[in-house]
2 protein chains.
Amino acid sequence: MPHSTHVTLAQVAAAAGVSIATASRAINGSTRKVSEDIRQRVAQTAEELGYLPNLSAQTVVKGAAPVVAVLVSDIADPYFSSISAGVMAGAREAGLMVTMATSERRSEDELEMIRTFRAQRPRAIIVVGSRQEPDERTAEIENQLQTYRDSGGHVVLISQGPSPFDLVEIQNYDGAKQLAHALVDRGGRSFGIAAGRRSLRTNVDRIAGFTDGLAERGLSLADGAIAEAPFTRDGGFTAMTELLGRREELQLDTVFATSDLMAFGAATAMRSAGVIPGQDISLAGFDNIALAEDVTPALTTVDVPLEEAGYRAVKLALAEDPAPESLQLGTSVILRGSTPQR
Amino acid sequence: MPHSTHVTLAQVAAAAGVSIATASRAINGSTRKVSEDIRQRVAQTAEELGYLPNLSAQTVVKGAAPVVAVLVSDIADPYFSSISAGVMAGAREAGLMVTMATSERRSEDELEMIRTFRAQRPRAIIVVGSRQEPDERTAEIENQLQTYRDSGGHVVLISQGPSPFDLVEIQNYDGAKQLAHALVDRGGRSFGIAAGRRSLRTNVDRIAGFTDGLAERGLSLADGAIAEAPFTRDGGFTAMTELLGRREELQLDTVFATSDLMAFGAATAMRSAGVIPGQDISLAGFDNIALAEDVTPALTTVDVPLEEAGYRAVKLALAEDPAPESLQLGTSVILRGSTPQR
DNA sequence: TTGAAAGCGATACCAG
DNA sequence: CTGGTATCGCTTTCAA
């Protein structure tokens, strides 16, 4: 029978010779109890008929969907996909589904996606991504999230504080500062930064941490030592090319790219300019994505527990703690071949 | 007011002084028409009250959720995250949400996830991943998908044929064959393969294509020239290490890793054995993931239009074509520094 | 313990 | 064009 419709609870109940109410209780154990033999019989016929509960119907009456919604900028970016992996692991443990959307870093899309999320009545909404410069939409987004929470939902940001919501925060500032120390220890003296746009807080924090770290060692950045470009692999290429144009005046010996992805682009830019990364100019990144240790030279970077961030975000969301909690995730410097002792 | 509940259509209708039916028609334009002024008024009050339709309620009556469900093995793997990006783009265009689950390559999880998907009544289910050796569960999975389709859903596999469902197929065999030709043209004579497990069709096909490609050039693989290991970055390391142990007898000059990720692991294995990839032994991968051109030496590989695969899968799912369609996605060899002329 | 019936929020048919 | 109402599949009082 083509296009047969789904098996419903009513059909199961009928086939088992019980009421719909009983069937419901038997299949999704409620508070009420059902005699063991009836439970068995219902379960059996449900199995035989291939019954699957209609999640939407359950959601309508229960008021919330067994779902956690995640908003990321770009799922193809290893940074976000690692976090997502953690979210999925957390959701799995909690018996929840995951619905995912990408904003491509456009706040208008972000707003639209969050509305759509809300329409779904998920148990939690997790928003991943750097805090941006506030604009008209940012405020409206926060508004949406507020009313979502007021109606019983849980919001977790994987971002930077301060925030009115639960927060999983990466220690960008501290990590960058430690990195600066380590690079100075390796003999770096004249630094450059291939930075992602400072409209993203992530970059602001990483730059500040790095600069302050240098200052604590009595060093400072020369004018024009920060080249800003899009926070992508190609941006890294662009920024590095710009820095190389000022190579002489800057006397560049070490470059910090504000993400591993940018560092990869930067390394390629170096090579196409005949500069050997790690040898002529040291290079460090941030994030410690999976491939950082496979490139040549292996990339010095700051390890960020991305998957854990996603996992903890789910836990936080489901914690039922009234007051917004904030979680700091530590980072650690990983020294590799791209920053040899000099 | 804490835990206030959601605004419902009834409330909007009341506030706008119209019937629920009219409000419904005004907000989600149905076949019926609504006078422009009433439409305006309803839209306005909906806006003011912050009304958002309850997707689940709509789904219950409509019979299907505005959702496409995607099952991947591992979202942190760039192969799958690229495909996912394409799926999300396609879904976005079609105005659908995406729910995602990971199976971690365990067929028991896969089965469970597909059941959960079905409970959601999505418009389409997309399963991404290599065909595996059939086991008890594989059959049950196919069963679930069958009955899902019989009840009006759409199933698309991004995998290998033959398949009773819509299929987006990567030309693994052809791509590997072309790669073999190209590598022979570059002067390769004694080949090794760092292969992922042959329990996955992907690997079987890539190995076969490569071997046949060599044969067409009058070459063949020596005994023990295929090292099999898990289809991961670490597996590549393992397999390469094994091949290096037989380096002398094999007289290895070129190694084909059945994925870029494996190639990265293989390159690292080479280096830790003091062998320089691209110089001492040529190395090629498969997939052309984003970072393949950023490693040193840049990795020769076979380009697979991953994002397009995801995108096309959604299109296929929504095409409303009764007969299962099958789509071949072409691949192309990308020659880079890891396989210099020798 | 079990069943009848009242919703949950929204759509769509059928009158008016 | 608009409104009343049956209905979708399921949960949960309220009685029995």
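Values in this document were obtained by computation on a predicted structure and should not be read as measured data. A note on names: the letters A, B, ... follow the listed sequences, proteins ahead of strands, and every chain is numbered from 1. Below, each value reflects all heavy atoms present in this structure, side chains not excepted, and no hydrogens, waters or symmetry copies.
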Tell me whether the side-chain N/O atoms of Thr22(B) come closer than 4.0 Å to OP1 or OP2 in dC1(D).
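Result: no.
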Rounding to a whole Å, what distance do you find between [X]:[atom1] and [N]:[atom2]?
X        : N       : atom1 : atom2 : answer
Glu36(A) : dT2(C)  : CD    : P     : 11 Å
Arg25(B) : dG3(D)  : CZ    : P     : 8 Å
Ile27(B) : dT11(C) : CD1   : P     : 8 Å

Quick check: closest heavy atoms across [X] and [Y], and the distance to 0.1 Å?
X         : Y         : result
Val12(A)  : Val7(A)   : CG2-CG1, 4.1 Å
Ala101(A) : Met88(B)  : CA-CE, 3.5 Å
Phe117(A) : Met100(A) : CZ-C, 4.4 Å

Under the 3.5 angstrom rule, does the side chain of [X] hit a backbone N or O of [Y] as a donor-acceptor pair?
X         : Y         : answer
Thr22(B)  : Val18(B)  : no
Thr102(B) : Glu104(B) : no
Ser159(A) : Gly129(A) : yes
Glu169(B) : Gly161(B) : yes
Arg25(A)  : Val34(A)  : no
Tyr51(B)  : Ala43(B)  : no

Taking atom types as modelled and ignoring hydrogens, do the side chains of Arg118(A) and Thr147(A) form a donor-acceptor contact shorter than 3.5 angstrom?
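A donor-acceptor contact under 3.5 Å links the two side chains.
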Taking N or O atoms only and anything under 3.5 Å, show me the protein contacts with nucleotides 7-10 of chain C, one pair per line.
from, atom 1, to, atom 2, distance (Å)
dA10(C), OP1, Tyr51(B), OH, 2.7
dA10(C), OP1, Asn54(B), N, 3.1
dA10(C), OP2, Leu9(B), N, 2.4

Quick check on the helix from dT1(C)-dA16(D) to dG16(C)-dC1(D): what's the angle between its two end axes, five base pairs per end, to the nearest 10°?
40°
Looking at residues 37-45 of chain B, who's got a heavy atom less than 4.0 Å off DNA chain D?
Ile38(B)
